[in-house]
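We count residues from 1, following the sequence as given.
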Amino acid sequence: MSWGFLRDLLSGVNKYSTGIGRIWVAVVFMFRLLVYVAAAENIWKYEHDEFECNIKQPGCKNVCFDHFFPVSQIRLWALQLIIVSTPSLLVVFHVAYRENREKHNQKLYRNPGKIDGGLLCTYLISLILKAGFEIVFLVLFYKLYNGFKIPHLVKCDIRPCPNTVDCYISKPTEKMIFLYFLVATSSLCIILNLSELSYLIFKYSIKCYLKKYMKKQQ
């Protein structure tokens with residue numbers, strides 16, 4: 001999978017972000033995307049082939065694997081990275097719209113790339129969506145896999161398995177480390193998004209209050 005489009009998207013949004021937003025971009029790009037591409041993808045690469053059960057009953061291994069891993073963890077992680085980064089497109093499109101209006105000699109904004117007015121609303125919506133998607137995926141991970149853990153051994157008694165079968169998951173310790181890393185970085189991104197949201201709301205609330213105060217003084 002090529003991740004160039006995601007890198008370009010995050011780089012484009014970075015110049016319109018606050019300091020907290022730039023930290024979020026760094027966390028997503030360096031501590032999530034690069035770790036995924038460089039290491040995590042290889043660990044889960046042959047997860048089905050390396051899933052072993054102590055019986056050779058045809059179909060037993062497949063149904064057990066599907067039961068315990070209804071969705072591949074690494075593919076769900078990739079989907080999370082894509083979905084969480086997608087709201088940033090709202091900001092990119094809004095800025096592009098502003099700049100396009102400026103090119104047609106419609107001087108509507110002092111600075112097309114500055115976060116204010118409608119762009120501020122778009123930016124706040126993107127932060128809410130990013131934090132919401134992160135929370136949804138963490139809950140989804142927890143529900144699908146009965147917690148944030150990778151067991152060494154699972155017991156399966158689903159047909160066509162003739163009885164309770166012991167199945168062994170490959171590289172459980174490595175997968176557990178990366179799963180904890182995923183949860184930690186995702187939680188950090190939620191905190192950063194909510195912090196930036198609070199900062200912007202507070203900043204522009206103060207700005208509006210000062211404007212009203214100055215008008216009263218005049």
Side-chain angles (χ1 to χ4, degrees), residues 1-41 71-104 106 108-142 178-179 181-205 207-208:
M1 181 183 294
S2 175
W3 292 94
F5 78 98
L6 189 57
R7 178 199 61 208
D8 296 338
L9 169 62
L10 295 177
S11 299
V13 174
N14 194 39
K15 59 184 177 181
Y16 306 115
S17 301
T18 64
I20 300 174
R22 292 188 181 94
I23 295 174
W24 177 85
V25 171
V27 170
V28 171
F29 182 70
M30 296 180 64
F31 296 104
R32 296 180 72 174
L33 182 57
L34 291 183
V35 167
Y36 176 93
V37 173
E41 195 172 23
V71 180
S72 172
Q73 291 180 332
I74 198 66
R75 292 188 180 95
L76 193 58
W77 190 354
L79 181 62
Q80 180 182 8
L81 282 171
I82 294 170
I83 297 297
V84 165
S85 302
T86 299
S88 298
L89 284 172
L90 296 174
V91 180
V92 173
F93 289 152
H94 198 133
V95 172
Y97 169 76
R98 278 188 166 196
E99 292 176 344
N100 184 61
R101 297 289 294 270
E102 293 292 303
K103 287 179 181 178
H104 290 82
Q106 300 180 25
L108 303 177
Y109 316 102
R110 293 181 180 178
N111 186 349
K114 185 179 179 182
I115 303 177
D116 58 5
L119 182 57
L120 174 62
C121 294
T122 302
Y123 197 89
L124 294 178
I125 290 171
S126 72
L127 290 175
I128 294 170
L129 289 176
K130 285 188 285 189
F133 288 145
E134 293 279 15
I135 294 171
V136 167
F137 272 98
L138 284 180
V139 173
L140 189 60
F141 263 96
Y142 189 87
F178 279 99
L179 189 58
F181 182 83
L182 162 67
V183 174
T185 52
S186 185
S187 300
L188 176 59
C189 286
I190 293 172
I191 294 171
L192 290 171
N193 286 326
L194 295 179
S195 298
E196 187 175 17
L197 181 65
S198 301
Y199 166 74
L200 287 173
I201 292 174
F202 177 77
K203 177 182 176 181
Y204 284 93
S205 296
K207 186 177 180 181
C208 291

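One distance of note links CG of L81 with OG1 of T185; it measures 8.0 Å at 0.5 Å rounding. Residue F133 holds its CZ atom at 8.0 Å from CZ of F137, rounded to the nearest 0.5 Å. The line from CZ of F202 to CG of L197 is 14.0 Å long, rounded to the nearest 0.5 Å. From Y142, atom OH reaches atom CG of L138 across 12.0 Å, with rounding to the nearest 0.5 Å. To the nearest 0.5 Å, atoms CG (L129) and CG (L124) are separated by 11.0 Å.
Proximity of a side-chain donor or acceptor of S85 to a complementary backbone N or O of I82 within less than 3.5 Å is not detected.
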For S88 and W24, run side-chain contact (heavy atoms from CB on, under 4.5 Å): C-alpha distance rounded to whole Å, both residues' side-chain angles, the deciding distance at 0.1 Å, then the answer.
CA-CA 12 Å; S88 298; W24 177 85; 4.1 Å; yes
Test side-chain contact (heavy atoms from CB on, under 4.5 Å) on W77 and L179; report intermediate values, then the result.
CA-CA 9 Å; W77 190 354; L179 189 58; over 6 Å; no
For the pair Y204 and L200, evaluate side-chain contact (heavy atoms from CB on, under 4.5 Å) and give the outcome as yes or no after the intermediate values.
CA-CA 6 Å; Y204 284 93; L200 287 173; 4.0 Å; yes
side-chain contact (heavy atoms from CB on, under 4.5 Å) between C189 and V84, intermediate numbers included:
CA-CA 10 Å; C189 286; V84 165; over 6 Å; no
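With contacts defined as side-chain heavy-atom distances shorter than 4.5 Å, the pair L90/Y123 does not qualify.
Across all their heavy atoms, A131 and I190 have their closest contact at O-CG1, 4.3 Å. Between P87 and S126, the shortest heavy-atom contact is O-CB, 3.5 Å.
For the ring pair (Phe, Tyr, Trp, His ring centres under 6.0 Å) test, no residue two or more places apart in sequence or in another chain qualifies with F181. Take I191 and apply the side chain to side chain contact (heavy atoms under 4.5 Å, CB included) test, not counting sequence neighbours, and it matches S195. Residues satisfying the side chain to side chain contact (heavy atoms under 4.5 Å, CB included) criterion with Y199, sequence neighbours excluded, are T18, I20, K203. For S72, the side chain to side chain contact (heavy atoms under 4.5 Å, CB included) criterion is met by E47, I74, R75, not counting sequence neighbours. Considering only residues two or more places apart in sequence or on other chains, L188 meets the side chain to side chain contact (heavy atoms under 4.5 Å, CB included) condition with V27, L192. Every side-chain hydrogen bond (donor to acceptor under 3.5 Å, both in side chains) that Q80 has, sequence neighbours left out, goes to E134, S186.
Each of V28, N193, I125, I83 was compared with K130 under the side-chain contact (heavy atoms from CB on, under 4.5 Å) criterion, and only N193 meets it.
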